[in-house]
Amino acid sequence: MCGMFEVGLSIMAEELTPSARASAASAPAIETSKLTKYYGKARGIIDVDLKVEQGDIYGFIGPNGAGKSTFIRVLLGLIAPTSGAAAILGLDCEKQTKSILAQIGYMPSEAMFYHGMRVKELLRFSARLRKQDCSAEAVLLCERLDLDQNRKVNELSMGNRRKVGIVCALQHRPALYILDEPTSGLDPLIQKEFFNLLLERHEQGATILLSSHVLSEVQRYCRNAAVIREGRIIAAGTVEELSSSAARRVRIQGISELPGLAGIKNLSAHADGVDFLYQGDVHALVAALADRDYSDLFIEEPDIEEVFLHFYEAADGSAAAGSAAAESSADGSAAAGIDTLELSEDGEEVQL
Amino acid sequence: MTIFLHEMKLGTKMLIIWSVAVGAIIMACMAVFPDIKEQAEEISNAFAMMGAFTSAFGMDKIIMTEPLGYYGLDCAAVLAFGGGLFAAFISARMLSKEEAEHTAEYLLTHPVRRVDIIAGKLLAVFAQIIIFNLFCTLCAIVSFAAIGETVMGKAFWLFQLAQVIMHLEIACICFGASAVLKRGGVGFGLGLATFLYFMNLVANISDKWEALRYITPYAYADPSSILPAVAIEGTYLVVGLIYALVALAFAFFWYSRKGIAQ
């Protein structure tokens with residue numbers, strides 16, 4: 001059976017010198033510096049500076065096509081960066097890929113497996129590639145996720161294939177989990193169990209990078225987070241800070257005029273009422289509405305594109321270059337929080 | 001070893017289908033040899049008067065009415081061509097299938113060096129080709145015994161050995177291509193194997209196309225060259241091995257640096 005997540009470190013120890021091992025123990029779980037990847041002329045990621053400390057649960061938020069998967073693939077050594085550097089636990093992502101992968105549990109956004117293999121065979125194959133026997137842990141995980149190990153993987157529904165991906169990522173108890181959109185296709189009960197498992201691993205000392213386009217998921221489980229859009233990190237800091245500055249979609253029925261409040265954007269009025277994005281204190285909004293004769297009020301999480309619209313807004317109306325230094329630390333303090341956010345090149349896209 | 005065993009398991013069904021199909025055709029061909037032998041004179045004359053076809057298939061150099069001559073011309077042509085197609089089929093998608101079937105992200109995020117993955121897959125290709133040839137050779141031996149003939153001489157074994165080497169060379173070239181291709185590897189492989197086979201036929205017909213023998217591995221595996229001389233043409237063999245090694249070096253170089261973005 002697999003040991004604890006230190007198993008990963010023990011594998012690495014076979015290949016690293018004592019000094020390298022010591023630096024790995026104190027190194028950030030993930031650290032990138034001006035990491036850039038172009039596919040020919042097509043943009044992948046641009047100048048990504050990100051630091052995730054060991055023991056953190058880090059959210060990596062962005063809409064589809066923003067560069068989340070590209071960033072992760074560079075970390076995993078699947079693709080070489082065009083420029084910049086990336087390190088995991090102090091190890092170079094380009095040169096020490098094997099040692100890095102021994103310590104990672106990775107769940108891809110689209111889990112595809114070999115045709116005709118049973119779940120049990122696939123999990124055993126994964127464990128053998130890691131030179132470990134994870135059968136007991138696999139049984140435990142399959143029971144908790146309600147996954148039948150005797151089914152053939154090509155006969156599984158999308159949700160069940162996702163479960164196979166989860167077990168593959170978790171069964172060897174790695175030190176670092178990199179999960180790319182892990183909950184898409186999972187029903188709510190299994191999602192809850194999945195996050196319970198992650199929180200247990202986190203309590204045991206593991207680090208988790210959770211890539212997602214679902215803001216609420218990151219708000220609930222992550223301590224720190226970064227927002228990526230069009231290949232650039234546009235915001236980073238503690239989830240609390242990000243959430244407090246995130247916009248909300250507000251629909252008010254039965255009124256045609258808005259209270260004079262700052263932070264209202266994308267206003268649209270219709271026959272039943274008004275609809276707008278609101279970035280500000282919700283209490284202030286409710287207080288301002290107290291003497292209005294509205295019939296209904298909805299405050300919702302908008303689409304991910306909308307949530308961070310305000311981050312793109314240039315202070316002087318022009319584009320600002322560069323990306324924010326995105327750092328988090330284990331003690332929860334944000335080295336570069338909302339105050340240090342820089343603006344993306346397309347701030348002019350914001351429509352007020 | 002894990003990758004090798006995994007690929008052997010995935011390839012078992014195809015290996016059985018191709019081995020049984022080619023082996024059965026060899027046995028069926030040899031089963032009619034007694035009838036051919038009875039009409040020795042007529043058949044020899046008929047084959048000698050087929051013009052370009054006579055030289056294309058080397059029928060001017062082999063005695064069709066001898067068991068080994070008949071085997072080399074008729075039965076083993078199935079082994080040579082069928083085996084070439086099988087070698088191309090399994091090797092041309094060996095590396096590329098991981099990307100085509102979206103399993104690359106799963107496989108390559110395990111702590112295994114790319115070169116070990118390439119080596120494991122290559123060994124599986126070699127093993128399957130060798131098993132295929134062993135089975136077909138066994139079928140040939142059984143079919144010789146069934147018609148009461150014994151031709152287990154050096155010429156037979158050299159011919160069988162040349163078939164294995166030729167199949168391995170085709171596999172190496174297709175394996176090299178599979179490092180680059182993402183899709184369409186099978187079409188490329190089968191097309192290449194067929195092209196190389198017909199290239200040898202053309203070289204046999206006309207001396208003007210003699211140089212093609214330096215390209216196609218079917219030249220050193222040709223029964224009309226091996227059986228009368230009881231030897232494999234060394235020059236063509238060495239050139240073929242160089243092609244194979246270059247293709248393999250390319251596969252290792254390219255695939256170990258390749259960016260995997262699905």
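Naming: A, B, ... by sequence-line order, numbering from 1 per chain.
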(request) Using distance alone, with no hydrogens and no angle criterion, decide if Thr36(A) and Asp47(A) have a side-chain donor and acceptor under 3.5 Å apart. (result) yes

(message) Taking 4.5 Å as the heavy-atom cut-off, does anything in residues 126-138 of chain B contact chain A, and if so which residues?
(response) none

(message) Checking Glu98(B) against Tyr255(B): is there a side-chain donor and acceptor pair closer than 3.5 Å?
(response) no

(request) Please lay out, stage by stage, how Tyr220(B) and Ile165(B) fare under the test side chain to side chain contact (heavy atoms under 4.5 Å, CB included). (result) CA-CA 9 Å; Tyr220(B) 63 74; Ile165(B) 298 172; 3.7 Å; yes

(message) Taking side chain as everything from C-beta outward and backbone as N, CA, C, O, which of these in Leu122(A) sits under 4.5 Å from a heavy atom of chain B? Side chain, backbone, both or neither.
(response) both

(request) For Thr216(B) and Asn200(B), test the side chains for any donor-to-acceptor distance below 3.5 angstrom and give the result as yes or no. (result) no

(request) Side chain from CB out, backbone as N, CA, C, O: work out which of these in Thr70(A) comes under 4.5 Å of a heavy atom of chain B, or both, or neither. (result) neither

(request) Name all residues meeting the salt bridge (Lys or Arg N to Asp or Glu O under 4.0 Å) criterion together with Lys163(A); count only those two or more places apart in sequence or in a different chain, and write none if there are none. (result) none

(message) Given heavy-atom pairs under 4.5 angstrom as the criterion, report whether the side chain, backbone, both or neither of Leu10(B) touches chain A.
(response) side chain

(request) Tell me, for Tyr106(A) versus chain B, whether the close heavy atoms (under 4.5 Å) come from the side chain, the backbone, both or neither. (result) side chain

(request) With sequence neighbours excluded, give me every salt bridge (Lys or Arg N to Asp or Glu O under 4.0 Å) pair touching residues 7-19 of chain B. (result) Glu121(A)-Lys9(B), Glu7(B)-Lys97(B), Glu7(B)-Lys121(B)

(request) Apply ring-ring contact (aromatic ring centres under 6.0 Å, His included) to the pair Tyr106(B) and His102(B), showing each step before the final yes or no. (result) CA-CA 8 Å; Tyr106(B) 166 83; His102(B) 304 287; over 10 Å; no

(message) Given heavy-atom pairs under 4.5 angstrom as the criterion, report whether the side chain, backbone, both or neither of Arg257(B) touches chain A.
(response) neither

(request) Please determine, among Ile3(B), Leu108(B), Asp116(B), the option with the most heavy-atom pairs under 4.5 Å with chain A. (result) Leu108(B)

(request) Could you pull out all residues at least two apart from Ser96(B) that satisfy side chain to side chain contact (heavy atoms under 4.5 Å, CB included)? (result) Arg93(B), Ser178(B)

(request) Select one option (side chain, backbone, both, neither) describing which atoms of Met107(A) are under 4.5 Å from chain B's heavy atoms. (result) neither

(message) Between Glu137(A) and Arg130(A) (salt bridge meaning N to carboxylate O under 4.0 Å), is one present in this structure?
(response) no

(message) I want to check a possible cation-pi pair here: Lys37(A) against Tyr39(A), using under 6.0 Å from ring centre and within 45° of the ring axis as the test.
(response) yes

(message) At a heavy-atom distance under 4.5 Å, which candidate from Leu76(A), Leu78(A), Val74(A) has the highest pair count against chain B?
(response) Leu78(A)

